[in-house]
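Quick note on labels: first sequence line is chain A, next is B, and so on, each numbered from 1.
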2 protein chains.
Amino acid sequence: MSIEAEHQERPLRADAERNREKILAAAARVFAERGLDATLDEVATAAAVGVGTVYRRFPDKDALIAALFEDAIDEIAGLARAGAEHEDSWEGLVWFLDQALERQCANRGLRDVVVGSPYAEANLEIAKGRIAPCIARLVERAQRDGRLRGDVVAADFPIMEMMISSVGNMTATVAPELWRRYFTIILDGLAVSRTSPTALPEVPEENVMNEAIRKAHGHARRSH
Amino acid sequence: MSIEAEHQERPLRADAERNREKILAAAARVFAERGLDATLDEVATAAAVGVGTVYRRFPDKDALIAALFEDAIDEIAGLARAGAEHEDSWEGLVWFLDQALERQCANRGLRDVVVGSPYAEANLEIAKGRIAPCIARLVERAQRDGRLRGDVVAADFPIMEMMISSVGNMTATVAPELWRRYFTIILDGLAVSRTSPTALPEVPEENVMNEAIRKAHGHARRSH
DNA sequence: ACGTAAACGGAACGACTCTCTCCACATACC
DNA sequence: GGTATGTGGAGAGAGTCGTTCCGTTTACGT
């Protein structure tokens with residue numbers, strides 16, 4: 001109709017482009033640490049920018065979140081496909097879970113997206129849909145090879161991931177690798193048979209729980 | 001000093017006592033379903049009583065929560081002691097975990113208390129302190145008997161409990177027994193050795209996760 | 001029966017929180 | 001140097017939730 005069918009909007013002014021990048025970087029940091037509940041004011045402050053600037057680049061919070069996490073979700077789907085190419089089916093599955101968990105445990109925002117926060121739900125469910133079939137293939141192959149117990153089902157895996165990443169996120173600041181203990185225990189439970197347990201990494205301090213709880217309340221305090 | 005040293009305050013008027021009970025019952029129901037974030041207005045409505053009445057009986061929200069959960073926490077400590085009396089140390093441990101999880105998975109409020117919500121923290125930490133040593137004894141005994149893998153530690157158990165109960169609470173309305181699958185898998189991972197996996201209960205529907213997520217957003221929706 | 005202390009309901013208060021808008025002011029680019 | 005573009009951040013607007021207050025009702029002793 002008008003001038004030309006150029007969906008490409010005119011390039012941003014140099015400073016605007018610079019700020020856009022600062023915002024994305026800051027948002028990535030803030031959402032990773034605090035989860036998707038973090039305020040856009042926090043993001044703006046972390047980017048050394050005003051909130052208004054954030055809203056000039058991204059129509060609303062959901063759009064910013066979608067822009068940040070669409071790639072991350074596709075990356076996970078890619079990992080699942082890569083795992084399927086491992087010659088050993090069990091190790092392919094374990095490798096995929098390890099990689100996915102590493103990301104979700106280090107990034108509270110990513111976990112929120114995957115587990116399903118109210119944010120950007122609509123914008124990201126198509127992306128999330130791409131993961132399920134990949135996992136299904138990984139699981140079936142490991143079961144055919146007699147390595148993965150036959151009574152688990154593909155749908156169990158997202159649930160176990162969210163279970164493990166709940167530990168990961170809770171203890172992220174206190175003992176960032178602690179989730180691997182429970183991941184190892186679960187893997188030992190998923191194997192068809194084994195003669196002795198796989199060695200566990202990083203013994204937890206007597207009071208990780210308490211410290212994690214204390215820290216968590218620092219940022220999520222109720223009013224009173 | 002005065003009239004007499006009767007800490008016992010004069011008995012409540014009949015209707016007041018009746019309401020006190022209605023409030024406690026309603027609070028138990030509401031907190032079990034919605035967790036400690038539930039409003040006192042919700043509790044009052046569920047008790048068919050005004051908020052003012054709740055505040056006449058309990059100085060504040062924390063006091064109500066403490067009144068409700070102090071017993072529940074002591075009960076868990078009791079379960080741990082009971083588990084220690086089982087002749088088979090492994091089965092004693094499993095029995096205790098099962099009992100504790102049954103309670104925490106059916107009761108989101110109890111889980112919040114144990115995992116450490118900001119509510120009534122001060123009021124209940126003494127009660128919580130009674131549990132840890134009981135678990136330690138259970139764990140050590142099962143390890144001495146060579147049934148429980150030696151590289152786990154008592155402090156791992158509260159963490160695994162919170163992991164499993166996170167599934168329990170998330171899927172409570174959709175598939176209330178689903179957590180038992182992951183409990184079983186973890187037990188298989190905790191045993192020193194086994195030749196074949198323990199049968200898993202209740203296969204999850206293809207989309208439990210999604211439904212659970214959808215339901216969860218029903219009650220915890222952000223503003224927008 | 002009746003008077004009064006006790007209890008009641010629930011509107012409203014106050015103190016937050018968080019998204020998003022608005023506009024006087026600054027800046028990059030032609 | 002002129003102007004479209006971009007900026008900051010105060011504050012509007014819509015919540016949420018614990019707690020209080022007080023006009024009304026009710027149980028209970030006399």
Could you state the atom-to-atom distance from [atom1] of [X] to [atom2] of [N] in whole Å?
{"X": "A:Asn19", "N": "D:dG6", "atom1": "CG", "atom2": "C1'", "result": "9 Å"}
{"X": "B:Asp62", "N": "D:dC17", "atom1": "CG", "atom2": "P", "result": "16 Å"}
{"X": "A:Asp41", "N": "D:dG9", "atom1": "CG", "atom2": "P", "result": "11 Å"}
{"X": "B:Leu40", "N": "C:dA12", "atom1": "CG", "atom2": "P", "result": "20 Å"}
{"X": "A:Leu64", "N": "C:dC18", "atom1": "CG", "atom2": "P", "result": "16 Å"}
{"X": "B:Asp37", "N": "C:dT17", "atom1": "CG", "atom2": "C1'", "result": "14 Å"}

Nucleotide nearest B:Ala16 when distance is taken to its side chain, options C:dA7, D:dT5, D:dT7 =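 Shortest atom-to-atom distance from the side chain points to C:dA7.
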D:dT7, C:dA11, C:dC20: which one has an atom nearest the side-chain heavy atoms of A:Lys61?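 Given the options D:dT7, C:dA11, C:dC20, the side chain of A:Lys61 is closest to C:dC20.
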key: Note, B:Tyr182 side chain near A:Asp156 side chain (heavy atom, < 4.5 Å)   =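 Counting from C-beta outward, B:Tyr182 and A:Asp156 do come under 4.5 Å.
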- Do B:Leu93 and B:Phe157 come close enough that some side-chain heavy atom pair is under 4.5 Å?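 Counting from C-beta outward, B:Leu93 and B:Phe157 do come under 4.5 Å.
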Short N/O separations, protein against nucleotides 27-29 of chain C, under 3.5 angstrom:
unit_1: C:dT27; atom_1: O2; unit_2: A:Arg13; atom_2: NH1; d: 3.0
unit_1: C:dT27; atom_1: O2; unit_2: A:Arg13; atom_2: NH2; d: 3.3
unit_1: C:dA28; atom_1: O4'; unit_2: A:Arg13; atom_2: NE; d: 3.3
unit_1: C:dC29; atom_1: OP1; unit_2: A:Ala14; atom_2: N; d: 3.1

Any sub-3.5 Å donor-acceptor pair from A:Arg103's side-chain atoms to A:Gln99's backbone N or O?
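Indeed, once roles are kept as given, a pair shorter than 3.5 Å links the two residues.
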Does C:dC18 have its OP1 or OP2 closer than 4.0 Å to a side-chain nitrogen or oxygen of A:Thr39?
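Yes, A:Thr39 has a side-chain N/O under 4.0 Å of OP1/OP2 on C:dC18.
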| query | If you pin B:Tyr55 and B:Gly52 to their nearest nucleotides in DNA chain D, which one's is more 5'? | reply |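 The answer here is B:Tyr55.
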Show me the donor-acceptor pairs within less than 3.5 Å that the side chains of residues 159-175 of chain A make with the rest of the protein, sequence neighbours left out.
unit_1: A:Glu161; atom_1: OE1; unit_2: A:Gln104; atom_2: NE2; d: 2.9
unit_1: A:Ser165; atom_1: OG; unit_2: A:Arg111; atom_2: NE; d: 2.8
unit_1: A:Ser165; atom_1: OG; unit_2: A:Glu161; atom_2: O; d: 2.9
unit_1: A:Ser165; atom_1: OG; unit_2: A:Met162; atom_2: O; d: 3.2
unit_1: A:Ser166; atom_1: OG; unit_2: A:Met163; atom_2: O; d: 2.6
unit_1: A:Asn169; atom_1: ND2; unit_2: A:Ser165; atom_2: O; d: 3.1
unit_1: A:Thr171; atom_1: OG1; unit_2: A:Val167; atom_2: O; d: 2.9

Handout entry: Where B:Ala27 and B:Leu68 come nearest, the two heavy atoms and their spacing
Key =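 What the structure gives for the nearest pair is CB-CD1, 3.5 Å.
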